[in-house]
Amino acid sequence: MGGAFQLSSTDYLLALPITLLALFALGILLIDLIIPPEQKWAKRYLNAITAFGGVIFSAKAVYNIQQWLGPAPYSRGLMNTMLVDHVAIYFFYLFLAATAISILMSVAYLEIEHENHGEYYALMLLSVVGMMCMAAGYDIVLIFIGLELMAISTYVLVGFLRRDRRSNEAALKYFLLGAFSSGIFAYGLSLLYGLSGSTNLGIIGNAMSGLVRYPAYKPILVIAVLTTLTGLLFKIAAVPFHQWAPDAYEGAPTSVTGFMSVAVKAAGWAMLLRLLIGSPFLLGVLLPLRPIWLPVLVFVSIATMTGANLAALTQTNTKRLLAYSSIAHVGYMLLGLIAGDAQQLNPDGIKGILIYLLVYTFMNLGAFGVITSLRHKKVIGDELDDLNGLYSRAPVEAVLMLVFMLSLAGIPPLAGFYGKYFIFLSLIETGHYALAALGVLYSVFGLYYYLKIANAMFMRQPEAGEGRLPVSYAMRTALGVTAFATIFIGVLPNRFIELVNWALGIAQSPAVAKLTH
């Protein structure tokens with residue numbers, strides 16, 4: 001068969017991280033089937049160890065790709081549907097780090113909930129397969145398949161607590177709204193295909209550059225941009241497409257909430273950057289249409305910061321509070337898109353988004369780790385009152401939670417400061433002084449509701465009969481890693497800033513070099 005499709009060695013290498021995760025996910029399902037139900041200890045640890053092993057092997061495969069690329073900016077494979085560049089590799093590492101920490105958080109939690117099933121870890125790995133397809137997709141078909149694989153896996157994970165009515169309700173809401181947004185997103189992609197005659201991002205981008213010069217095409221281009229943007233903004237939970245986030249975060253297993261808040265959101269950002277901006281080496285599909293989508297993003301970012309911060313002020317459930325907090329952080333990151341892109345003279349906006357996603361992964365997972373550790377016996381642990389007197393029951397966890405809260409608020413010298421710093425720096429450099437001032441103002445709002453949590457932990461008395469908090473070794477490891485990263489990145493940020501510079505293929509600016517040395 002002369003016309004048969006044959007995989008090259010490059011195709012195998014580029015697809016290896018994704019293939020390994022899929023194989024380990026299938027392996028977990030087989031192991032879970034083989035182990036008899038009475039051997040609970042084996043089910044508890046073997047599934048988690050297998051999932052963790054899959055993450056390690058996949059990370060090694062990503063490292064092999066990084067070494068193989070060398071000075072080359074990118075490589076394409078799988079019939080030009082997949083493009084692995086430095087930005088994609090950066091996101092691969094981010095997904096895998098978040099997944100590894102989430103697995104550690106899940107071991108004891110699933111045992112307490114009596115839901116220790118292999119499907120949990122298999123779905124987590126399969127969702128990362130989808131995320132990698134979204135980050136490295138150079139064809140809208142592959143990107144959409146990755147999006148749906150990630151989405152379906154997370155729908156099931158949100159409703160994983162089958163006996164919990166809140167979990168079932170959250171999964172149903174998330175599924176219905178997610179399916180609706182995916183339909184709108186698919187419609188937008190179909191318009192881009194119709195306008196260009198191709199599903200390849202490079203060809204679509206070139207077609208957009210030509211069509212934008214003809215006024216007759218403007219109405220259809222506006223519809224294509226708005227529908228595509230709606231699907232993207234839903235995935236990152238920007239206002240007014242955020243309604244699913246607080247309910248899904250509250251109802252989902254707490255370990256899944258932490259995973260969703262960082263990995264799923266990072267995948268949404270990977271897709272957003274790939275379609276809106278592209279990379280330093282390649283034109284983004286919608287970058288020629290920047291004059292159309294820029295005013296939309298200005299409105300959405302202001303609405304997101306305003307709505308989320310005001311809603312967070314009144315929350316008494318810590319998972320809902322952190323859900324609105326994560327929505328507010330999306331508003332800050334959208335400011336980076338407004339300020340500039342990697343192909344202009346000022347790349348600090350995109351650099352700020354990548355650093356923000358890195359530091360947010362560790363500090364937010366750490367915060368959800370502490371909330372997950374509160375779950376024991378009959379205490380769910382997701383109300384603000386459950387944190388009362390935490391310092392007297394678990395002093396180490398209380399101090400770490402304070403570190404995570406201060407980092408989320410952007411207090412130096414913690415990691416969260418640098419995320420906001422680069423965003424606000426890019427706004428000032430591009431003359432968006434009003435947006436920078438608004439961002440700083442809302443950061444003060446954030447400090448207030450983060451300190452509400454600190455007040456409950458240190459200033460209030462614990463409930464009667466509450467003893468010391470039992471924390472598993474796996475959870476202690478997860479909290480230790482996230483706390484170390486949050487402090488280390490804040491104190492010695494230079495190597496992480498250089499990592500982002502490598503991802504974007506840019507040199508470090510003198511102002512940043514002066515700050516970090």
Side-chain angles (χ1 to χ4, degrees), residues 48 51 95 98-99 101-128 130-131 149-179 181 234-237 241-268 308 312 315-327 329-330 360-361 364-376 379-384 386 475 478:
F95 301 150
T99 308
I101 295 167
S102 299
I103 290 168
L104 291 173
M105 286 167 48
S106 303
V107 178
Y109 179 81
L110 292 179
E111 190 68 25
I112 292 167
E113 295 286 0
H114 304 293
E115 294 287 359
N116 212 334
H117 307 292
E119 303 95 298
Y120 175 90
Y121 297 107
L123 286 166
M124 196 173 272
L125 295 188
L126 289 173
S127 71
V128 181
M131 294 174 197
L149 177 59
M150 181 197 76
I152 291 167
S153 301
T154 47
Y155 296 154
V156 181
L157 286 172
V158 168
F160 205 77
L161 304 180
R162 294 169 296 172
R163 303 176 191 88
D164 189 336
R165 188 175 173 181
R166 286 194 311 173
S167 184
N168 298 334
E169 184 183 331
L172 185 60
K173 286 181 180 177
Y174 186 24
F175 168 69
L176 291 173
L177 288 170
S181 75
F234 177 89
K235 294 304 171 190
I236 62 171
F241 313 105
H242 69 294
Q243 298 94 333
W244 62 272
D247 291 329
Y249 280 31
E250 183 185 4
T254 312
S255 52
V256 172
T257 306
F259 177 71
M260 284 173 60
S261 71
V262 292
V264 173
K265 197 153 284 188
Q315 299 302 315
T316 57
N317 182 286
T318 47
K319 285 163 77 172
R320 289 187 78 88
L321 189 152
L322 289 174
Y324 282 112
S325 155
S326 71
I327 295 167
H329 287 293
V330 167
Y360 187 73
T361 295
N364 214 50
L365 268 178
F368 276 109
V370 174
I371 295 170
T372 306
S373 67
L374 295 175
R375 176 72 171 103
H376 61 284
V379 179
I380 295 175
D382 61 358
E383 293 295 328
L384 199 56
D386 294 326
M475 180 62 77

Of the non-hydrogen atoms in [X] and [Y], which two are nearest, and what is the gap between them?
| X | Y | answer |
| --- | --- | --- |
| Ala323 | Pro246 | CB-CA, 3.8 Å |
| Leu161 | Asn168 | O-OD1, 3.7 Å |
| Ala237 | Ile327 | O-CG2, 3.4 Å |
| Gly268 | Lys235 | CA-CB, 4.3 Å |
| Thr154 | Tyr174 | OG1-OH, 3.7 Å |
| Phe259 | Leu365 | N-CD2, 4.0 Å |

So, the side chain of [X] versus the backbone of [Y]: is there a donor-acceptor pair under 3.5 Å, distance only?
| X | Y | value |
| --- | --- | --- |
| Lys319 | Ala252 | yes |
| Thr257 | Tyr249 | yes |
| Tyr109 | Thr254 | yes |

Answer yes or no: is there a side-chain heavy-atom contact under 4.5 Å between Met260 and Val158?
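In short, these two side chains touch, coming nearer than 4.5 Å.
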
Is any side-chain heavy atom of Ser102 closer than 4.5 Å to one of Phe368?
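Result no, sub-4.5 Å side-chain heavy-atom pair not found.
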
For the [atom1] atom of [X] and the [atom2] atom of [Y], what is their distance to the nearest 0.5 Å?
| X | Y | atom1 | atom2 | answer |
| --- | --- | --- | --- | --- |
| Glu383 | Thr318 | CD | OG1 | 7.0 Å |
| Met475 | Met105 | CE | CE | 5.5 Å |
| Leu104 | Thr372 | CG | OG1 | 12.0 Å |
| Met150 | Phe95 | CE | CZ | 8.5 Å |
| Ser261 | Leu322 | OG | CG | 8.0 Å |
| Glu250 | Ser167 | CD | OG | 11.0 Å |

[X]: ring pair (Phe, Tyr, Trp, His ring centres under 6.0 Å) partners, not counting sequence neighbours:
| X | value |
| --- | --- |
| His242 | none |
| Phe175 | Tyr155 |
| Phe234 | Trp244 |

Hey, mind stepping through Tyr121 and Ser106 against side-chain contact (heavy atoms from CB on, under 4.5 Å) and telling me if it holds?
CA-CA 9 Å; Tyr121 297 107; Ser106 303; 4.0 Å; yes

Yes or no on side-chain contact (heavy atoms from CB on, under 4.5 Å) for Met131 and Val264, after CA distance, side-chain angles and deciding distance?
CA-CA 7 Å; Met131 294 174 197; Val264 173; 3.9 Å; yes

Tell me, please, which residues at least two apart from Arg163 pass side-chain hydrogen bond (donor to acceptor under 3.5 Å, both in side chains).
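Scan of Arg163 (side-chain hydrogen bond (donor to acceptor under 3.5 Å, both in side chains), adjacent residues dropped) gives Glu115.
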
side-chain hydrogen bond (donor to acceptor under 3.5 Å, both in side chains) involving Thr99 - partner list, sequence neighbours excluded
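Result, side-chain hydrogen bond (donor to acceptor under 3.5 Å, both in side chains) vs Thr99: none returned.
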
So, using salt bridge (Lys or Arg N to Asp or Glu O under 4.0 Å) as the criterion, who are the partners of Glu119 when residues are at least two apart?
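For Glu119 there are no salt bridge (Lys or Arg N to Asp or Glu O under 4.0 Å) partners, ignoring immediate neighbours.
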
Would you check, one step at a time, whether the test side-chain contact (heavy atoms from CB on, under 4.5 Å) holds for Val330 with Lys265?
CA-CA 9 Å; Val330 167; Lys265 197 153 284 188; 3.8 Å; yes

